[in-house]
**Q** 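Structure incoming, see below.
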Amino acid sequence: MKAFQLLYSLLLSTSFILLLSACNGSDQSNDDKTPEEKLFVFSSPSVLSVQENTNVPFFSPSLVSNQGIKFSLTGGADQAAFIFDSSRRELSFSSAPDFENPHDSNHDNVYEVEISAWNKSNDSIKLALEVHVSDQARIVADFTYPIENTNFGGITQTIIARGTLRDIEDEEVKPGDFDEVLVNNVKATIKGDNHNQWEAEIPINIGIFQVELFIKKDSEMWAKKIRVSNDKLRYPMTEIEIDKHNNRIIGTNYNLDAIVSFDLESKAYKVISSRDVGSGPDFSSLVDLTLESSDTAYAVDRLSQLFKVDLNTGTRTLLPLLGDDPIYSGRRIRTIFYYDGLKVSGLSNSSIYDYQGSSTHSLPYAFGTSLAGVSAVDVSSDGNELVFASPSRLFTYDPILRSLYTIPRVVNEASPVSLNSINGVANFSEDKILIAHRGELDDGTGSQNIGHNITLVDKKSGETSLFASNLETDKVPFLSLRDIETDLNNGKAYVTDTRQNALIEIDLKTLERRKILETSVAKKSISGAIVSALSEDKNSIVYYDLYRKVIESINLTTHQKETILDFSRYDNNALINGAKILTFDLEANTVYVVSNTNSIFGDLIKINLSDGSFDIVSDSAKEEVKEAALENSGASITSLSAHIHDKNNKEMIFWKYSNNLGTYQVKINLETGAREKIETTLPQEDSERNFQRRPLFAFASTSDNEVFLTTRISDPFLNERAVLQRANTTTGIRTTLAEGGDFSLPTHFSIQIYSLTWNQDKSALLAAVPFDGAILEINPNTGITRLISGRGKGNGPHLNFPRAIHPIWEDNKLFVMDTGIDALVKIDLVSGDRTIFSY
């Protein structure tokens, strides 16, 4: 029997030939070996280094001569941890080793295994291996700022991006684990005692773009990308609440009919719940919201529908009627707040509805003034008091004792500010509140309109002092404050300014203020399309852009826009300066406008669409027109109202509403310019109820001297709804055909109707209902309505504020100018499906 002696000489980085002596009863020197014996020795290293997480072959044994040699695993303390493929001569771990969780016998990440070799003579030699498992750094990175879908609002050119580094193997980041971190090819600075933070100042583009994060190590690179944007948002927040737990602001977006959030750290603007986000019944023009927690909000819309909203999923739940006196029965809900269970404040009847307790109670009168105009409410910092605001009065309310206290109207002589249009109220301290309002400053020499301001008010004495106003010309201005909320822990206040479409942050100590979110103030053309007409060949829609003062057309085949007339050419002409479009006469290639720049009576002007030349049809400066207008008191056209162009009789007819004169009719002869006022005869029940009617839209009937007239009605309880009437243009007599809102018709016929047209066989009217986002078919004789397109009928983007409708019966399609989503929408009249045609 032959015996072999293995002589080890260990070097990690150098292959060394192992000399093995074959013994046949006695030792032999190397010089005594045969040539075959000299070749039967290992030429492989005996010490190996393998990175963790490796599960592929990493070693192949070799001899000086490999001819006719067979290999196999024959021992070692950790033999079970390995697999050897004898046919391929490949050694690998049976499962990938984990440096942080070693499974070798000594638990020191040094694995011992033995490989044996046999020659043709069945002689064998052995190689004892030490496999050292080394730590492998797996560095990943993330953003802390910005985050996915952040919108910087188009008000910055650079940002400081920040984030974290992490070794997912052992959570310990060491300098040698990576070469560098790049953010959009800008080298980041590594910060933190543990080298686990990065920061880089990078330029950002206008529009949508990517922020790319790279980690380089030797020739390898790890990457992560997020999508962000730097666009001015088109729509502002209106009502807001502060979610302190998540450091964000939750708000309502009236135009989008959505609940949105704005992250104060990342500046990310996100739609949380809307017709297209989340699930459940749709909102119908949100007016207020309140937070129960960082996960749940309550919202109320213009139809007095009360919703519970999951702020994580966007799910909407419509809550049932409240109490024994349902809020739906002719009462408007304006504000809601959360105090020991949800409470809802009524606008019309000064009631508080307790949702949890299903009870209703009316607030008492305070010094002869009720809360019938409540515009804002806030819970005091100690939670034991509510602060209400009507347009010009302030109240505190004890919800336990149900006692109402009127804050005195005391004017501070040092800052004599009169309060008007209080839109927001927020806590400042235990005895002081902040209000967002507009008002006047009277310094003894006369009142000065100081626009919108934030005023500090003492709840007990009523003493006021300007806190932040437009008088501070070096500060961010206030144009139209809508709401205010305070974060007293962080010393910040937040206000929404709807006129400049901004969210403004105010430091409560330094009073410094800055815009942290600014939406676009530049209106797209269709958002101002209050009047439009379908061309005679039905190939284009012509519309007037109220904001940019241009007349444009959209080709219904090519989708192309064309400017027909730019009113900027009339900038120096006083007559056209205040022009508002009345109606198009595309057959005559003219447009009629009203200008009220210099007169209380207004001027009616006809403009040629080809060359822009104009003729004054009815000039208020003419003495005969003045005399006629005075004789027919109220025969003016300074306030635009429902109107119709009677081409047969060459007249323009207006229906108007005046607080002093009620609703009446004005005719203007398009040849002479003469004006005539015709008294309107109302149905008996309307006179008895003394309803206020605001004419909105007129549409010609198939009968002579008759039109369909849509009005918006307000009753003594401040309930509003839409009414469809038939009006005689000669006698002024009107009869009611259908009445919407809280009475006989579905909620799809609620507050306003802005457009009417006949259906194909002229048996019914098609109507656009802005606040319901619906297109209805209305029987003019019975008032019965049928939903053509809207919530519950048709797929595609929801309508937000449809104004003008233009059907093309040959293709069964309807074009709708929707100024809420700034789009021309095409609707299939059979399915009700909606598609965006043009922005």
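Note that this is a predicted model, so its numbers are computed, not measured.
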**Q** Determine, for Tyr405 and Lys460, whether the Lys NZ or Arg CZ falls below 6.0 Å from the six-membered ring centre while staying within 45 degrees of the axis.
**A**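 Yes, Lys460 sits over the ring of Tyr405.
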**Q** In terms of heavy-atom contacts, does CG of Asp193 have more than 12 from other residues, nucleotides or ligands at under 6.0 Å?
**A**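 Not buried by this count: 12 neighbours or fewer within 6.0 Å.
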**Q** Tell me whether Asp282 is salt-bridged to Arg316, with the criterion being a basic N under 4.0 Å from an acidic carboxylate O.
**A**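 Salt bridge: yes.
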**Q** Are there over 12 heavy-atom neighbours, none belonging to Lys432, within less than 6.0 Å of that residue's NZ?
**A**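 Yes, because the 6.0 Å sphere around NZ of Lys432 holds more than 12 heavy atoms from other groups.
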**Q** Does the pair Lys216/Asp179 count as a salt bridge with the N-to-O cut at 4.0 Å?
**A**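 Judged by the 4.0 Å cut-off on N to carboxylate O distance, Lys216 and Asp179 do not form a salt bridge.
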**Q** Do you know which two heavy atoms are closest between Gly424 and Asp483, and how far apart they sit?
**A**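 Shortest heavy-atom separation between Gly424 and Asp483 comes out as CA-OD1, 4.1 Å.
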**Q** Ring centres of Phe467 and Phe428 under 6.0 Å apart?
**A**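 Yes: the rings meet the under 6.0 Å criterion.
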**Q** Do you know the tightest heavy-atom contact between Ile433 and Lys459?
**A**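 It is CG2-CD, 3.7 Å.
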**Q** Ala299 and Ile259: which non-hydrogen atoms are nearest, and at how many Å?
**A**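 Scanning both residues completely, I find the closest heavy atoms to be CB-CD1, 4.0 Å.
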**Q** Which residues satisfy the side chain to side chain contact (heavy atoms under 4.5 Å, CB included) test with Glu265, sequence neighbours excluded?
**A**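 Only Tyr145, Arg162, Asn247, Asp263 meet the side chain to side chain contact (heavy atoms under 4.5 Å, CB included) criterion with Glu265.
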**Q** Pair Glu239, Arg482 - check salt bridge (Lys or Arg N to Asp or Glu O under 4.0 Å), show working.
**A** CA-CA 7 Å; Glu239 306 297 327; Arg482 186 66 186 86; 3.0 Å; yes
**Q** Minimum heavy-atom separation for Ala426 and Ile484, please, with both atom names.
**A**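 Minimum heavy-atom separation between Ala426 and Ile484: CB-O, 3.7 Å.
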**Q** Classify the ring geometry between Phe143 and Trp198 as parallel (under 30°), tilted (30 to 60°) or perpendicular (over 60°).
**A**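 Phe143 vs Trp198 ring planes: perpendicular.
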**Q** In terms of side-chain heavy atoms, does Tyr494 have a donor or acceptor partner in Glu485 at a distance below 3.5 Å?
**A**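 Absent: no donor and acceptor within the cut-off.
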**Q** Whether the Thr464 and Thr455 side chains hold a donor-acceptor pair (N or O, under 3.5 Å, no angle test) is what I'd like checked.
**A**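 No.
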**Q** Looking only at atom types and distance, does a side-chain atom of Thr238 sit under 3.5 Å from a main-chain N or O of Thr252, one as donor and one as acceptor?
**A**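 Yes, the answer is positive, given that a donor and an acceptor are paired below the 3.5 Å cut-off.
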**Q** Tell me every residue that passes side chain to side chain contact (heavy atoms under 4.5 Å, CB included) with Lys509, counting only those two or more places apart in sequence or in another chain.
**A**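 If we apply the side chain to side chain contact (heavy atoms under 4.5 Å, CB included) test to Lys509, skipping adjacent residues, the hits are Asp507.
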**Q** Just checking Lys187: does its NZ atom have more than 12 heavy atoms from other residues, nucleotides or ligands closer to it than 6.0 angstrom?
**A**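 Atom NZ in Lys187 is not crowded, with 12 or fewer foreign heavy atoms closer than 6.0 Å.
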**Q** Who passes salt bridge (Lys or Arg N to Asp or Glu O under 4.0 Å) against Glu201, sequence neighbours left out?
**A**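 For Glu201, no residue satisfies salt bridge (Lys or Arg N to Asp or Glu O under 4.0 Å) once neighbours in sequence are set aside.
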**Q** What are the two closest heavy atoms between Ile215 and Ala141, and how far apart are they?
**A**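 Heavy-atom minimum between the residues: CD1-CB, 3.7 Å.
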**Q** Return the minimal non-hydrogen interatomic distance between Val309 and Ser273, and the atom names on each side.
**A**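 Heavy-atom minimum between the residues: CG1-CB, 3.9 Å.
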**Q** Pairing donors with acceptors under 3.5 angstrom, does anything connect the side chains of Ser429 and Asp431?
**A**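 There is such a pair between these side chains.
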**Q** Indicate whether any N or O donor in one side chain lies under 3.5 Å from an N or O acceptor in the other, for Tyr397 and Glu385.
**A**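 Side-chain D/A pair, Tyr397 to Glu385: absent.
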